[in-house]
Colleague: 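Provided herewith is a single structure, encoded as structure tokens, for subsequent inquiry.
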Protein chains: 2
Amino acid sequence: MKIGVSPDTFPPRSHEAKRNSVVEAAASVFCREGFAGANIDLIAAEAGVSRQTVYNHHRDKEKLFVAVVRDLTERCNAGIFATIATFPDQPVNLEADLIGFAMRMNRNCICNRDGRFLRKLIQTEGERYPELFAEWREQGPGRTWSALAARFARLAYAGHLAIEDPDVAARQFLALINAELQTSFMLGAIPEDEEVLQSATNGVRTFLSAFGRQKSASHTARKSALVSA
Amino acid sequence: MKIGVSPDTFPPRSHEAKRNSVVEAAASVFCREGFAGANIDLIAAEAGVSRQTVYNHHRDKEKLFVAVVRDLTERCNAGIFATIATFPDQPVNLEADLIGFAMRMNRNCICNRDGRFLRKLIQTEGERYPELFAEWREQGPGRTWSALAARFARLAYAGHLAIEDPDVAARQFLALINAELQTSFMLGAIPEDEEVLQSATNGVRTFLSAFGRQKSASHTARKSALVSA
DNA sequence: ACAAAATTAGACAGTCTTGTCTAATTCGTC
DNA sequence: GACGAATTAGACAAGACTGTCTAATTTTGT
């Protein structure tokens with residue numbers, strides 16, 4: 001097929017490009033419909049590919065599902081580590097810097113397409129593939145949490161925070177910055193930027209009230225600084 | 001109801017009891033297999049009832065699903081309100097009382113059967129039934145969060161806490177006490193009592209570090225009080 | 001005990017889905 | 001341009017599931 005003359009004819013794609021199309025379409029359909037409800041014909045159509053091509057690349061539905069989860073896990077972990085690399089080790093304005101970091105974490109790792117998809121697949125099919133998700137658990141939460149904990153430990157060592165257990169603090173940091181987004185996450189919705197910013201801001205402020213050294217960020221003194229929705 | 005004579009013969013159950021059996025079995029199967037993967041024959045078998053009886057009580061699969069969600073929503077809300085009624089309005093030992101409340105919340109509302117099932121159904125099928133889950137959202141998180149916020153506002157008014165926005169504090173309280181259970185929740189696992197206690201204890205301590213009035217609960221002064229896993 | 005209502009097992013048609021197969025077409029590469 | 005590999009559309013068998021129907025049995029209310 002030569003470059004499309006008509007507007008609805010797409011240029012041909014390579015072998016690898018088709019493989020990726022299939023995995024992406026499969027991720028979308030598995031998330032929407034669940035494993036049992038996902039229809040291979042629909043995946044093929046959504047990938048712009050024939051059904052036989054799906055079976056050529058991935059032997060059967062189950063292998064395709066595993067490929068989807070591995071792919072998402074890998075990309076999500078890469079994104080999380082890339083974002084953790086932007087952690088404010090030498091903060092200028094600790095509150096502002098942590099809010100910025102929280103926003104990057106939310107936008108690039110938790111609320112983006114891959115993050116939402118992976119979370120939903122783990123939630124819906126986690127019990128069906130124990131070994132697959134044990135693998136995710138080790139490489140995902142296990143390593144990313146301790147990487148984040150190390151950054152917080154560094155901040156504490158430099159005297160910016162008073163943290164006793166960095167692992168606990170890291171988990172609580174993540175919990176706090178997402179505290180107001182739980183309902184959206186449950187329903188699979190994509191929260192608005194404003195919501196994300198508000199949740200991150202309120203979360204970081206409470207985090208600093210608990211772990212900050214100077215009392216400037218204390219709750220009793222920040223009445224006028226509340227985020228206006 | 002006559003007691004069964006032979007050990008593997010169950011006594012007959014009333015019309016209503018069978019209806020409940022069906023809804024309970026359906027909740028279990030919908031959660032395990034998803035809506036598309038749920039098999040009516042399996043639900044009937046698990047309920048100890050014939051397939052036709054399922055169709056007699058609930059016209060079709062979709063109606064049955066809706067009945068399951070409404071039932072779970074109602075029971076979960078009742079449980080949450082009953083638990084909120086045990087909130088420590090006149091705390092003796094604020095930390096211990098809040099940890100106790102957090103444990104009740106977790107055990108009776110979040111980690112119990114109904115809570116896990118409802119959460120999973122919302123996560124997996126929420127997008128398919130927008131109006132049904134909008135209803136849950138209003139009656140569940142909407143009302144329970146503000147009820148909890150009212151209790152925190154009362155504690156603040158009585159001088160036990162320094163809270164600026166009770167709604168934010170309530171959401172952050174819930175986020176903190178579950179901060180260490182997120183991975184278990186994702187995989188649908190039932191966390192051990194020890195895990196729940198540790199998460200609740202660490203969460204309440206951080207909450208009090210941020211919102212407490214007296215500095216006795218401050219992070220810098222509680223090194224020796226850390227929960228031993 | 002009797003009549004009405006509910007329940008049961010099983011058969012059944014209709015639909016859908018998976019995974020295979022084939023023959024024709026297109027693509028990548030030399 | 002030509003050859004081998006990849007892709008395509010479509011048919012196809014095998015199986016699973018939903019929802020209906022029937023005839024027999026059991027339960028419930030009176």
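In what follows, every chain begins at residue 1, and chains take the letters A, B, ... in the order their sequences are listed.
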Colleague: Please check the phosphate of dA6(D) (OP1 and OP2 only) for any side-chain N or O of Thr53(A) closer than 4.0 Å.
Modeller: no
Colleague: In whole Å, what is the span from the CD1 atom of Ile43(A) to the C1' atom of dT18(C)?
Modeller: 12 Å
Colleague: Are OP1 or OP2 of dT8(C) and a side-chain N or O of Lys18(B) less than 4.0 angstrom apart?
Modeller: yes
Colleague: In whole angstrom, give the distance that lies between atom CD1 of Ile40(B) and atom P of dC17(D).
Modeller: 11 Å
Colleague: Side chain of Lys61(A) only, please: which of dG19(D), dG19(C), dT8(C) is the nearest?
Modeller: dG19(C)
Colleague: Under 4.0 angstrom, heavy atoms only, what part of the nucleic acid is His57(B) near: base, sugar-phosphate, or nothing?
Modeller: sugar-phosphate
Colleague: Step through it carefully: locate the ring centre of Tyr129(A), locate the ring centre of Phe65(A), and say whether they are under 6.0 Å apart.
Modeller: yes
Colleague: Does a side-chain N or O from Asn39(A) land closer than 4.0 Å to OP1 or OP2 of dT17(C), or not?
Modeller: yes
Colleague: As a test of reading the structure: which of dT20(D), dC21(C), dT17(C) is closest to the side chain of Gln52(A), going by heavy atoms?
Modeller: dC21(C)
Colleague: Looking only at the side chain of Asn56(A) (C-beta and beyond, no hydrogens), which of the listed nucleotides dG19(C), dT8(C), dT8(D) gets closest?
Modeller: dT8(D)
Colleague: Using 4.0 Å as the upper bound for N to carboxylate O, is an ion pair formed by Glu46(B) and Arg32(B)?
Modeller: yes
Colleague: Please find out if less than 6.0 Å separates the ring center of Phe173(A) from that of Phe211(A).
Modeller: no
Colleague: Classify Ala38(A) by what it touches in the nucleic acid, base, sugar-phosphate, or nothing, heavy-atom distance under 4.0 Å.
Modeller: sugar-phosphate
Colleague: So, Glu125(A) and Lys120(A), do they make that salt bridge, N to O below 4.0 Å?
Modeller: no
Colleague: Choose from dT7(D), dG10(C), dT20(C) the nucleotide whose nearest atom is closest to any side-chain atom of Arg51(B).
Modeller: dG10(C)
Colleague: Check this one for me: any side-chain N or O of Lys63(A) less than 4.0 Å away from OP1 or OP2 of dG19(C)?
Modeller: no
